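See structure below.
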Amino acid sequence: MKNVYDILKERGFIEQATHEEQIRELLGREKVVFYIGFDPTADSLHVGHLLQMIAMAHMQKAGHVPIVLIGGGTAMVGDPSGKTEMRMMLSREQIQNNARKFKKQFERLIDFSNGRAIMADNADWLLDLNYISFLRDIGRHFSVNRMLTAECYRQRLETGLTFLEFNYMLMQSYDFLQLYRKYGCKLQMGGNDQWSNIIGGVELIRKVEGAEAYGLTFTLLTTSEGKKMGKTEAGAIWLDPEKTSPYDFYQYWRNVDDKDVVKCLSLLTFLPMEEVRRLGSLEGAQINRAKEILAFELTKMIHGEDEAKKAKAAAQALFSSGSDITSAPTTIINERDIRGGIGILDILLLTGLAPSKSEGRRLIQQGGIYVKEKRVDSIDFRIYEQDFDDSKNLIIRKGKKIYHVVKLQ
RNA sequence: GGAGAGAUUCCCGAGCUGGCCAAAGGGGGCAGACUGUAAAUCUGCUGGCGUUGCCUUCGGUGGUUCGAAUCCACCUCUCUCCA
């Protein structure tokens with residue numbers, strides 16, 4: 001069987017490693033306990049976390065034991081890496097609630113049964129820490145001079161960095177040490193922005209325990225334009241179907257830039273690399289095929305096969321014929337409310353296709369709204385009960401690809 | 001603690017010798033054309049509403065004035081330099 005390290009490398013995950021050769025050897029030799037930290041600052045994971053989750057799944061498949069470390073304690077401080085602003089702090093209850101939701105989402109990819117994976121929360125050891133002993137035992141191993149040369153702090157030095165955030169590195173290093181002691185965790189992985197925090201921990205374990213620990217960082221999943229993947233104007237693409245519908249999730253991947261398709265396929269799906277390369281070699285309009293597979297595979301992975309099929313069918317139906325398959329976003333309105341007709345602007349507002357009537361007017365004046373695939377040419381356009389089809393649905397389209405179903409009830 | 005500088009619409013950033021400012025320019029976004037539900041390009045739009053007009057915006061609160069993003073006072077926050 002292939003060494004996971006090589007798999008991760010081939011698929012393009014690995015950005016930096018503390019000891020490339022040793023890690024590779026270690027992973028080939030024994031069952032390794034490793035961890036990745038996640039900040040429970042929102043009530044759902046999002047596409048930005050996907051890469052780390054998949055890497056964990058690859059590792060687990062190879063027989064290693066992942067620890068999902070929830071930063072319940074560190075979330076109360078805020079990580080300065082890559083942030084220009086200080087993060088807001090959350091209450092204990094919020095954090096615990098978020099952590100619960102995280103676990104559910106992890107379970108789609110990672111098997112937590114029989115100790116095959118571990119869920120930990122650094123609040124367990126961080127919250128009761130004694131300041132003096134922490135300084136004495138941990139703090140003395142860190143050189144401020146060294147820390148200041150770290151990229152993440154250097155940037156913040158220009159805009160201002162509080163002592164609170166400055167301590168983030170110590171805490172994360174301490175996490176690694178704790179996990180080493182508790183679970184024999186020898187490897188920390190994370191996004192490349194975590195590099196300095198990770199080596200902090202590796203060094204700490206060496207100094208305190210005299211033991212060898214390792215660190216590995218992954219590429220940040222960015223678009224060809226260098227922007228973080230998974231962000232849209234509407235906000236992040238969430239893994240929680242309540243926050244981002246499977247249809248929207250599907251569409252997000254269906255619409256990725258040509259240049260990003262191969263990268264996404266190899267990093268985010270489990271398709272064999274030969275298949276990825278084959279799909280990547282498709283040219284011109286053919287590449288849409290690759291995008292469909294990407295979107296389907298990912299939707300299946302996160303929301304299950306049924307949802308993926310529905311999303312795919314809905315997309316195909318809407319885009320090819322504009323017919324009435326309806327797992328596109330739907331708004332239900334009461335029959336009473338449209339008695340005598342309802343103005344198009346009100347409908348746009350109700351469906352959320354336009355945030356204000358002014359915006360709705362603009363859309364219509366510019367020819368961006370279609371009802372039943374016919375362009376609406378007047379802001380006085382009204383919709384009546386008889387406009388709905390037999391199953392009481394009506395399709396409204398905004399622009400080229402945003403479909404919305406209005407359902408009468 | 002002392003001395004300065006600043007806070008403008010989603011972001012950056014003009015305006016700040018008071019009316020012509022819903023506020024230049026850029027970015028982003030949205031729509032249109034072209035296309036492959038891609039990219040690039042071009043065009044238009046981009047506070048709200050009852051849209052030839054009206055209403056609420058320029059850190060907060062008061063004040064001066066016929067009229068304030070623009071002037072004054074106080075407050076809050078941010079940054080820079082000194083300690």
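Keep in mind that the numbers below use all heavy atoms, side chains included, and drop hydrogens, waters and symmetry copies. Computed from a prediction, not measured in an experiment: that's the story for all the values here. First the proteins, then the strands, lettered A, B, ... as listed; each starts at 1.
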Measuring only the [atom1] atom in each nucleotide, how far is [N] from [M]? A whole number of Å is fine.
N       : M       : atom1 : result
rG26(B) : rU41(B) : P     : 15 Å
rG60(B) : rC11(B) : P     : 14 Å
rC79(B) : rG13(B) : P     : 15 Å
rA7(B)  : rC71(B) : P     : 11 Å
rG6(B)  : rU56(B) : C1'   : 26 Å
rA69(B) : rA22(B) : P     : 9 Å
rC21(B) : rG53(B) : P     : 14 Å
rG47(B) : rU61(B) : C1'   : 24 Å

### Query
Under 4.0 Å between a side-chain N or O of Lys401(A) and OP1 or OP2 of rA38(B)?
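Answer is yes, contact under 4.0 Å.
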### Query
Given rG50(B), is OP1 or OP2 found less than 4.0 Å from the side-chain N or O atoms of Lys357(A)?
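For rG50(B), OP1 or OP2 has a side-chain N or O of Lys357(A) closer than 4.0 Å.
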Residue matched to [N] through Watson-Crick or wobble contacts both under 3.5 angstrom:
N       : answer
rG28(B) : rU46(B)
rU17(B) : none
rA40(B) : none
rA69(B) : none
rA23(B) : none
rG4(B)  : rC79(B)
rU9(B)  : none

### Task
Kindly indicate whether the side chain of Thr331(A), heavy atoms from C-beta on, has any atom under 4.5 Å from the side chain of Val405(A).
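No; the side chains remain at least 4.5 Å from each other.
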### Task
State, yes or no, whether a side-chain contact exists between Arg11(A) and Thr269(A) at a heavy-atom distance under 4.5 Å.
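Yes; the side chains approach each other to less than 4.5 Å.
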Whole Å only: how far is the [atom1] atom of [X] from the [atom2] atom of [N]?
X         : N       : atom1 : atom2 : answer
Leu349(A) : rC49(B) : CG    : P     : 7 Å
Trp253(A) : rG36(B) : CH2   : P     : 25 Å
Lys398(A) : rG29(B) : NZ    : P     : 13 Å
Lys259(A) : rA40(B) : NZ    : P     : 7 Å
Ile369(A) : rC30(B) : CD1   : C1'   : 11 Å
Lys400(A) : rG36(B) : NZ    : P     : 12 Å
Arg254(A) : rU37(B) : CZ    : C1'   : 5 Å
Asp377(A) : rG32(B) : CG    : C1'   : 15 Å

### Message
So, taking the atom named CZ in Phe176(A) and the one named CZ in Arg181(A), what distance separates them when rounded to the nearest 0.5 Å?
### Response
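So the CZ of Phe176(A) and the CZ of Arg181(A) are separated by 13.0 Å.
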#### Entry: Distance (rounded to the nearest 0.5 Å) between Leu45(A) CG and Asn98(A) CG
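Here the interatomic distance stands at 9.5 Å.
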### Query
Starting at the 5' end of RNA chain B and moving along, which residue's nearest nucleotide shows up first, Asn255(A) or Arg375(A)?
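Nearest nucleotide further toward 5': that of Arg375(A).
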### Query
Does Tyr370(A) or Val256(A) map to a spot on RNA chain B nearer the 5' end, using the closest nucleotide for each?
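It is Tyr370(A), whose closest nucleotide lies nearer the 5' terminus.
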is_close_aromatic([X], [Y]), centroid dist under 6.0 Å:
X         : Y         : value
Phe270(A) : His58(A)  : yes
Phe319(A) : Tyr403(A) : yes
His303(A) : Phe249(A) : yes

### Query
Counting any heavy atom closer than 4.0 Å, what does Gly399(A) reach on the DNA or RNA strands: base, sugar-phosphate only, or nothing?
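The answer is sugar-phosphate, as Gly399(A) gets under 4.0 Å only of primed atoms, P, OP1 or OP2.
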### Task
Name the orientation class of the two ring planes belonging to His49(A) and His46(A) (parallel below 30°, tilted from 30 to 60°, perpendicular beyond 60°).
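Plane angle between 30° and 60°, so tilted.
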### Message
What I want to check is whether the side chains of Gln105(A) and Ser44(A) have a donor and an acceptor closer together than 3.5 Å.
### Response
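Yes - a donor-acceptor pair under 3.5 Å links their side chains.
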### Query
Can you list, by residue number, the residues of residues 286-301 of chain A that have a non-hydrogen atom closer than 4.0 angstrom to RNA chain B?
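Those residues are Ile287(A), Asn288(A), Lys291(A).
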### Passing candidate, side chain to side chain contact (heavy atoms under 4.5 Å, CB included) with Ile118(A), options Val65(A), Val68(A), Leu69(A)
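In the set Val65(A), Val68(A), Leu69(A), the residue that makes a side chain to side chain contact (heavy atoms under 4.5 Å, CB included) with Ile118(A) is Val65(A).
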### Message
Among Val32(A), Ile7(A), Leu27(A), which residue satisfies the side chain to side chain contact (heavy atoms under 4.5 Å, CB included) criterion with Met59(A)?
### Response
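That would be Leu27(A).
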### Query
To the side chain of Asp258(A), which of rU37(B), rA39(B), rA38(B) is closest?
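Of the candidates, rA38(B) comes closest.
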#### Entry: Where Phe142(A) and Gly200(A) come nearest, the two heavy atoms and their spacing
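Result for this residue pair: CZ-O, 4.1 Å.
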Expected rows: protein N/O vs nucleotides 43-47 of chain B N/O, under 3.5 Å:
unit_1, atom_1, unit_2, atom_2, d
rG44(B), N2, Gln366(A), OE1, 3.0
rG44(B), N2, Gln366(A), NE2, 3.2
rG44(B), N3, Gln366(A), OE1, 3.0
rC45(B), O4', Gln366(A), OE1, 3.2
rC45(B), O2', Arg362(A), NE, 3.2

